[in-house]
There are 2 protein chains.
Amino acid sequence: MIATNDKALARIDKIDRKILEQLQKNGSLTNQQLAEKVGLSASPCLRRVRTLEEAGIIVRTVTILDHKKLGLALTAIILIGMDRHTPERFAAFEEQVAAFPEVQECYLITGQSADYMLKVVVPDMDHYHQFLLNRITRIQGVSGVHSSFVLRRVIDSTALPLGYLS
Amino acid sequence: MIATNDKALARIDKIDRKILEQLQKNGSLTNQQLAEKVGLSASPCLRRVRTLEEAGIIVRTVTILDHKKLGLALTAIILIGMDRHTPERFAAFEEQVAAFPEVQECYLITGQSADYMLKVVVPDMDHYHQFLLNRITRIQGVSGVHSSFVLRRVIDSTALPLGYLS
DNA sequence: TCATATTGGGCAATTATATTGCATTAAATA
DNA sequence: TATTTAATGCAATATAATTGCCCAATATGA
């Protein structure tokens with residue numbers, strides 16, 4: 001069964017785009033504030049937001065926390081290679097990785113030297129070491145692991161570029 | 001001038017942790033819904049949320065959009081090496097990269113083969129090609145570029161692991 | 001153990017905000 | 001230009017956030 005409306009490109013006019021831009025920056029704007037910013041009155045603004053939600057263009061809103069203040073000072077980028085490129089290997093890997101709360105992102109990627117790219121958040125290097133040894137390297141099929149550590153976050157955003165819509 | 005309270009670890013009790021867990025999953029919960037989920041009445045719940053905001057633990061709330069429905073089907077992971085590791089080179093690079101809306105993440109990282117890791121979102125491969133040629137490789141000091149493309153998003157979250165707070 | 005202080009929670013009134021129906025206006029179509 | 005269609009704004013209503021005040025629980029110190 002193939003999903004039918006996943007790729008449906010919606011027609012987004014200038015006002016919709018403004019709404020999305022605002023909400024990407026600040027999802028806790030009140031509808032009234034949002035309406036003012038996009039040059040609409042409250043009710044049509046709210047209706048547009050609801051429509052964007054129902055269309056699945058607005059997926060959800062999330063609260064962003066400060067990792068340092070929560071004692072999570074270390075972010076690691078891990079590139080992982082698999083020994084065999086079979087669906088079973090991949091499925092098992094993904095299932096296990098999805099159960100680790102330290103993993104913020106996990107992408108299957110193209111490239112010769114790696115199959116997966118992970119972004120992992122932990123308190124410090126000790127915990128990272130434990131995580132790598134007790135979690136990642138224990139997964140069947142993991143053959144190569146390369147770790148990099150984030151020294152500075154130049155950009156850390158969830159916003160999509162909306163300039164291509166026009 | 002060194003920031004003083006950036007690292008201040010807050011004491012987060014069980015209820016605060018529940019609040020943060022809920023809001024990380026769903027930032028558009030009403031205060032009443034949140035209060036019920038964490039076992040509090042509305043007013044102390046709201047007071048706790050405000051306190052967490054003032055402490056900077058809650059940074060902001062953002063709306064997540066569906067990239068496919070917005071015609072942004074290609075996500076690339078780019079590893080970039082710089083010719084010289086001088087503060088001027090890095091500053092200039094970061095300033096220019098920060099101006100590209102396609103760049104969702106840009107981290108200065110450890111590692112022998114790369115200095116920066118970027119996550120970039122564009123409509124398709126043509127646009128990616130243009131972006132690489134006209135934007136990235138034109139930045140002074142960029143000496144090596146390696147691109148990977150996201151085939152599948154296994155995990156794509158903004159949630160931090162709160163299990164270490166114990 | 002008991003008295004006291006301090007912190008946090010709950011209730012209820014108030015204020016602000018979201019939501020809905022309906023008339024109106026603007027835009028699109030022929 | 002007449003007609004249809006879609007979207008907007010206003011106003012009334014329903015929900016939710018916010019605040020002040022009192023009470024309960026926990027911590028503190030004799």
Side-chain angles (χ1 to χ4, degrees), chain A residues 5 8-66 69-71 158-159 162-166, chain B residues 5 8-66 69-71 158-159 162-166:
Chain A
N5 62 349
L9 285 177
R11 352 193 182 334
I12 305 283
D13 68 14
K14 209 132 192 169
I15 295 179
D16 285 333
R17 186 175 143 184
K18 279 189 189 176
I19 288 174
L20 296 177
E21 279 169 355
Q22 290 297 325
L23 291 179
Q24 282 199 128
K25 285 196 295 185
N26 184 359
S28 62
L29 284 173
T30 67
N31 182 58
Q32 298 183 352
Q33 292 170 321
L34 179 62
E36 192 179 358
K37 279 176 187 287
V38 304
L40 238 54
S41 69
S43 56
C45 182
L46 184 63
R47 275 191 287 258
R48 278 172 180 265
V49 172
R50 294 286 175 262
T51 302
L52 290 166
E53 287 170 350
E54 279 156 27
I57 292 166
I58 290 177
V59 177
R60 65 186 194 282
T61 118
V62 296
T63 297
I64 306 295
L65 308 182
D66 186 311
K69 288 188 177 162
L70 291 168
T158 54
L162 302 183
Y164 294 105
L165 292 176
S166 70
Chain B
N5 63 350
L9 286 176
R11 353 192 184 333
I12 305 283
D13 67 13
K14 210 130 192 170
I15 295 178
D16 285 333
R17 185 174 143 184
K18 280 189 188 175
I19 288 173
L20 297 176
E21 279 168 356
Q22 290 297 326
L23 291 179
Q24 282 199 126
K25 285 196 294 186
N26 183 358
S28 62
L29 283 173
T30 67
N31 181 59
Q32 299 185 349
Q33 293 171 321
L34 179 62
E36 191 178 0
K37 279 177 188 284
V38 305
L40 237 54
S41 69
S43 56
C45 181
L46 184 63
R47 276 192 289 255
R48 278 172 179 265
V49 172
R50 293 287 176 262
T51 301
L52 289 166
E53 286 170 351
E54 279 156 28
I57 292 167
I58 290 176
V59 177
R60 66 187 194 279
T61 117
V62 297
T63 298
I64 306 295
L65 307 182
D66 186 310
K69 288 187 178 162
L70 291 168
T158 55
L162 302 183
Y164 294 103
L165 294 176
S166 76

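Each chain gets a letter, A, B and so on, in the order its sequence line appears, and its residues count up from 1.
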Novice: Among all residues two or more places apart in sequence or in another chain, which pass the side-chain hydrogen bond (donor to acceptor under 3.5 Å, both in side chains) test with B:Asn31?
Specialist: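 In terms of side-chain hydrogen bond (donor to acceptor under 3.5 Å, both in side chains), with neighbours along the sequence ignored, B:Asn31 is linked to no residue.
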Novice: Atom CG of A:Asp16 to atom P of D:dT8: distance rounded to whole Å?
Specialist: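 Atom-to-atom, A:Asp16 to D:dT8, this comes out as 9 Å.
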Novice: For B:Ile15 and C:dT7, what is the distance between atoms CD1 and P respectively, to the nearest whole Å?
Specialist: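 Result: 17 Å.
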Novice: Checking A:Gln22 now: which residues fulfil side-chain hydrogen bond (donor to acceptor under 3.5 Å, both in side chains) with it, not counting sequence neighbours?
Specialist: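 Result, side-chain hydrogen bond (donor to acceptor under 3.5 Å, both in side chains) vs A:Gln22: none returned.
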Novice: If an axis is fit to five pairs at each end of the helix from C:dT1-D:dA30 to C:dA30-D:dT1, what is the angle between the two, to the nearest 10°?
Specialist: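 So the angle between the two local helix axes works out to 40°.
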Novice: Rounding to an integer number of Å, can you tell me how far B:Glu54 CD sits from D:dT18 P?
Specialist: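 So the two atoms are 12 Å apart, to the nearest Å.
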Novice: Drop me the distance from B:Ile12's CD1 to B:Ile19's CD1, to the nearest 0.5 angstrom.
Specialist: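 With rounding to 0.5 Å, CD1 (B:Ile12) is 9.5 Å from CD1 (B:Ile19).
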Novice: Under the side-chain hydrogen bond (donor to acceptor under 3.5 Å, both in side chains) rule, collect the residues that match up with A:Gln33, sequence neighbours excluded.
Specialist: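 If we apply the side-chain hydrogen bond (donor to acceptor under 3.5 Å, both in side chains) test to A:Gln33, skipping adjacent residues, the hits are A:Thr30.
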Novice: Do nucleotides 16-28 of chain C as a string where each nucleotide becomes B, S or -: B if the base has a protein heavy atom under 4.0 Å, S if just the sugar-phosphate does, - if no protein is that close.
Specialist: -SSSBB-------
Novice: Measure from the side-chain N and O atoms of A:Thr61 to the backbone N and O of B:Thr63, and report whether any donor-acceptor pair falls under 3.5 Å.
Specialist: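 Not confirmed, A:Thr61 side chain does not pair with B:Thr63 backbone.
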Novice: I'd like to know if B:Lys18 and B:Asp13 make a salt bridge, using a cut-off of under 4.0 Å between side-chain N and carboxylate O.
Specialist: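 The answer is no: the pair does not qualify as a salt bridge.
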Novice: Looking at every non-hydrogen atom in both residues, tell me the closest pair between B:Leu70 and A:Leu165 and how far apart they are.
Specialist: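 So the two residues come closest at O-CD2, 3.6 Å.
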Novice: Give the rounded distance in Å between these two atoms: CG of B:Leu34 and C1' of C:dG9.
Specialist: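 Atom CG in B:Leu34 sits about 15 Å away from atom C1' in C:dG9.
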Novice: Indicate every side-chain donor-acceptor pair of residues 51-59 of chain A with a distance under 3.5 Å to a residue at least two apart or in another chain.
Specialist:
from, atom 1, to, atom 2, distance (Å)
A:Thr51, OG1, A:Arg47, O, 2.8
A:Glu53, OE1, A:Arg50, NH1, 3.2
A:Glu53, OE2, A:Arg50, NH1, 3.4

Novice: B:Leu40 CG to C:dG8 C1': how many Å, rounded?
Specialist: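 About 9 Å, once rounded to whole Å.
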